[in-house]
2 protein chains.
Amino acid sequence: MRSYGQYCGLARALDIVGERWTLLIVRELLMGPRRYTDLHQGLPGIATNLLATRLADLEEAGLLAREDAPPPVATTLYRLTPRGEELRPVIEALGRWARPLMAQGIKGDAFRAEWLTLPAQLYLADREPDRAATVIEVRTGDQPVVIEARDGAIRTRMGSAEDADAVITARPDIALALLLGRIDLPTARARGLKLEGNQRALRRFKPA
Amino acid sequence: MRSYGQYCGLARALDIVGERWTLLIVRELLMGPRRYTDLHQGLPGIATNLLATRLADLEEAGLLAREDAPPPVATTLYRLTPRGEELRPVIEALGRWARPLMAQGIKGDAFRAEWLTLPAQLYLADREPDRAATVIEVRTGDQPVVIEARDGAIRTRMGSAEDADAVITARPDIALALLLGRIDLPTARARGLKLEGNQRALRRFKPA
DNA sequence: CAGCATCCGCTTTGATACTG
DNA sequence: CAGTATCAAAGCGGATGCTG
């Protein structure tokens, strides 16, 4: 554990969460407790030994705790402690700063549908908070995601929606550009996006 | 420039500002334009070649720009671009998260008076916004700092105050603990703190 | 002296293989 | 499934040298 050796809040924070991969591990755990294998799959590119040492460091720093999963599965789960959860505003601030970076397209980068949660929460707002909920399903590759506008808030969850108002199938950067109004529907379609259901559902979402 | 290669805002942000020392350089520049030598002194422990490459990376990423200082000095200044300034909320979020870490005392860490700016802004509030300004000078070692409560806001600046209501001379962790109300004045005095002037001036400040 | 670039020993990281 | 072991490559810290 190398330290900056400075009596400065930023430096001490970075002593704990500033190493490579650490905040990305926290990102994964902010979506709920995970098994080692889940984390490894959610962090493409990380070496397994690094993941193991980071988890040990985070546990020692009091940001996460191991726990035994309930009987049927009987494995180890990693869960953020309250102190670890307190990093959410940090990750949100970085996520907001990153908005222009997401507009640059996916290039050759890896992508997991779970990662849509962050931009959906940070970049989208509900244009019509007083109307009944609008639900869309987004299919970008590995897993479908449900994005829902309800009561002025945006919620996301993994999985399919029986009652989706619309279903988008597209590359993640195209889907995001459409939802954020950076491109219009014809342009998105020209870039391979498929839309089923009621296309008016999209208007429910506006850039935050 | 190593990349995580993930289409995720957090990962892309960390591709740019996640390397060692980078956010600490931004911390320095958030306090105003600096010369190379100022930066080197404000970042105890950084290797000079690392500072040079980080500055080049930050310039290429559009977060800072070099400029020539006005005639009398005639040197190069490094200044954050607007995009670089937008990192302020990120550093503030990390600074807030670090609050318990600052309570752990200075241990053997290096300290610069300028670093008091962050905790003063983030951890202190004005208890009596309607009264005339209260000004205190804090002497912690290298340079004096002025902390001022005025109109409900906390301001800091480097230097001395002619008209200070009180002057504190102490180790930075002791001064901070006193201002934040974590220890009382007798305890602080027992730990070597000296207070001149009106000790009621301290009551103007409360923990944020 | 300010502003780097170069070199060297050490630490961290990444890729892969292996184990209970 | 959940890691540990191994080793090469990259990154870092410190010292020193170069250039205006």
Side-chain angles (χ1 to χ4, degrees), chain A residues 1-6 11 14-25 28-29 32-61 64-79 108-110, chain B residues 1-6 11 14-25 28-29 32-61 64-79 108-110:
Chain A
M1 288 283 278
R2 181 155 45 177
S3 166
Y4 287 107
Q6 299 183 1
L14 292 174
D15 282 344
I16 297 176
V17 300
E19 281 172 310
R20 195 161 164 77
W21 291 108
T22 302
L23 278 179
L24 294 184
I25 293 171
E28 293 294 311
L29 291 174
R34 295 285 129 111
R35 298 178 304 172
Y36 187 91
T37 316
D38 301 330
L39 290 171
H40 194 231
Q41 289 182 358
L43 296 163
I46 197 174
T48 177
N49 57 347
L50 256 200
L51 177 56
T53 60
R54 289 288 180 274
L55 289 172
D57 291 346
L58 284 171
E59 188 178 8
E60 199 186 334
L64 67 78
R66 297 152 178 266
E67 63 184 44
D68 295 332
V73 275
T75 179
T76 312
L77 283 181
Y78 294 89
R79 178 195 298 272
D109 287 354
Chain B
M1 288 283 279
R2 183 157 45 176
S3 166
Y4 287 108
Q6 300 183 0
L14 292 174
D15 282 344
I16 296 176
V17 299
E19 280 172 310
R20 193 162 167 77
W21 292 108
T22 302
L23 278 179
L24 294 184
I25 293 171
E28 294 294 309
L29 292 175
R34 294 286 128 111
R35 298 178 305 171
Y36 187 91
T37 317
D38 300 331
L39 290 171
H40 194 228
Q41 289 182 0
L43 296 164
I46 196 173
T48 176
N49 57 347
L50 256 200
L51 178 55
T53 60
R54 289 288 181 274
L55 290 172
D57 291 347
L58 284 170
E59 189 179 7
E60 199 186 333
L64 67 78
R66 296 152 178 266
E67 63 184 44
D68 295 332
V73 277
T75 178
T76 311
L77 284 181
Y78 296 88
R79 179 195 295 274
D109 287 355

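Order of the sequence lines sets the chain letters (A, B, ...), proteins ahead of strands, with each chain counted from 1.
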Please check the phosphate of C:dG3 (OP1 and OP2 only) for any side-chain N or O of B:R34 closer than 4.0 Å. no

Does a side-chain N or O of B:T76 approach OP1 or OP2 of C:dA2 to a distance below 4.0 Å, or not? no

Rounded off to whole Å, could you give me the CD-to-C1' distance for the B:E59 and C:dG3 pair? 14 Å

What is the distance from CG of B:L51 to P of C:dT6, rounded to the nearest Å? 16 Å

With a 4.0 Å cutoff (strictly under), does any side-chain N or O of A:Y78 reach OP1 or OP2 of D:dG3? yes

Distances for protein N/O vs nucleotides 12-16 of chain C N/O pairs under 3.5 angstrom?
{"residue": "C:dT13", "atom": "OP1", "partner": "A:R54", "partner atom": "NH2", "Å": "2.7"}
{"residue": "C:dT13", "atom": "OP2", "partner": "A:R54", "partner atom": "NH2", "Å": "2.8"}
{"residue": "C:dT13", "atom": "O3'", "partner": "B:R2", "partner atom": "NH1", "Å": "3.1"}
{"residue": "C:dG14", "atom": "OP1", "partner": "A:R20", "partner atom": "NE", "Å": "2.6"}
{"residue": "C:dG14", "atom": "OP1", "partner": "A:R20", "partner atom": "NH2", "Å": "3.3"}
{"residue": "C:dG14", "atom": "OP1", "partner": "B:R2", "partner atom": "NH1", "Å": "3.4"}
{"residue": "C:dG14", "atom": "OP2", "partner": "A:W21", "partner atom": "NE1", "Å": "2.8"}
{"residue": "C:dG14", "atom": "O6", "partner": "A:N49", "partner atom": "ND2", "Å": "3.3"}
{"residue": "C:dA15", "atom": "N6", "partner": "A:N49", "partner atom": "ND2", "Å": "2.9"}

Residues forming a salt bridge (charged side-chain N to carboxylate O under 4.0 Å, His left out) with A:R54, sequence neighbours excluded: none

Quickly work out the B:L55 CG to C:dA5 P distance and round it to whole Å. 11 Å

With heavy-atom distances below 4.5 Å as the criterion, would you say the side chains of A:R79 and A:L29 are in contact? no

Can I get a per-line list of side-chain donor-acceptor pairs under 3.5 Å for residues 14-21 of chain B, giving both atom names and the distance, sequence neighbours left out?
{"residue": "B:D15", "atom": "OD1", "partner": "B:Y4", "partner atom": "N", "Å": "2.8"}
{"residue": "B:D15", "atom": "OD2", "partner": "B:S3", "partner atom": "OG", "Å": "3.0"}

A:A52 side-chain proximity, nearest of C:dC4, D:dG3, C:dA2: D:dG3

Please identify each residue that fulfils salt bridge (charged side-chain N to carboxylate O under 4.0 Å, His left out) with B:D57, with sequence neighbours left out. none

Angle separating the five-pair end axes of the helix from C:dC1-D:dG20 to C:dG20-D:dC1, nearest 10°, is 30°

Rounded to whole Å, the CG-P distance (B:L58 to C:dC4) equals 13 Å

Please give, in whole Å, the distance from D:dG3 C1' to A:L77 CG? 15 Å

Between B:T76 and B:R66, what is the shortest heavy-atom contact and its length? CG2-CB, 4.0 Å

Atom-pair distance (CG on A:L39; P on D:dG3), nearest Å: 10 Å

Between A:Y36 (OH) and D:dC1 (P), how many Å, whole number? 12 Å

Partner residues of A:E60 under the side chain to side chain contact (heavy atoms under 4.5 Å, CB included) criterion, sequence neighbours left out: none

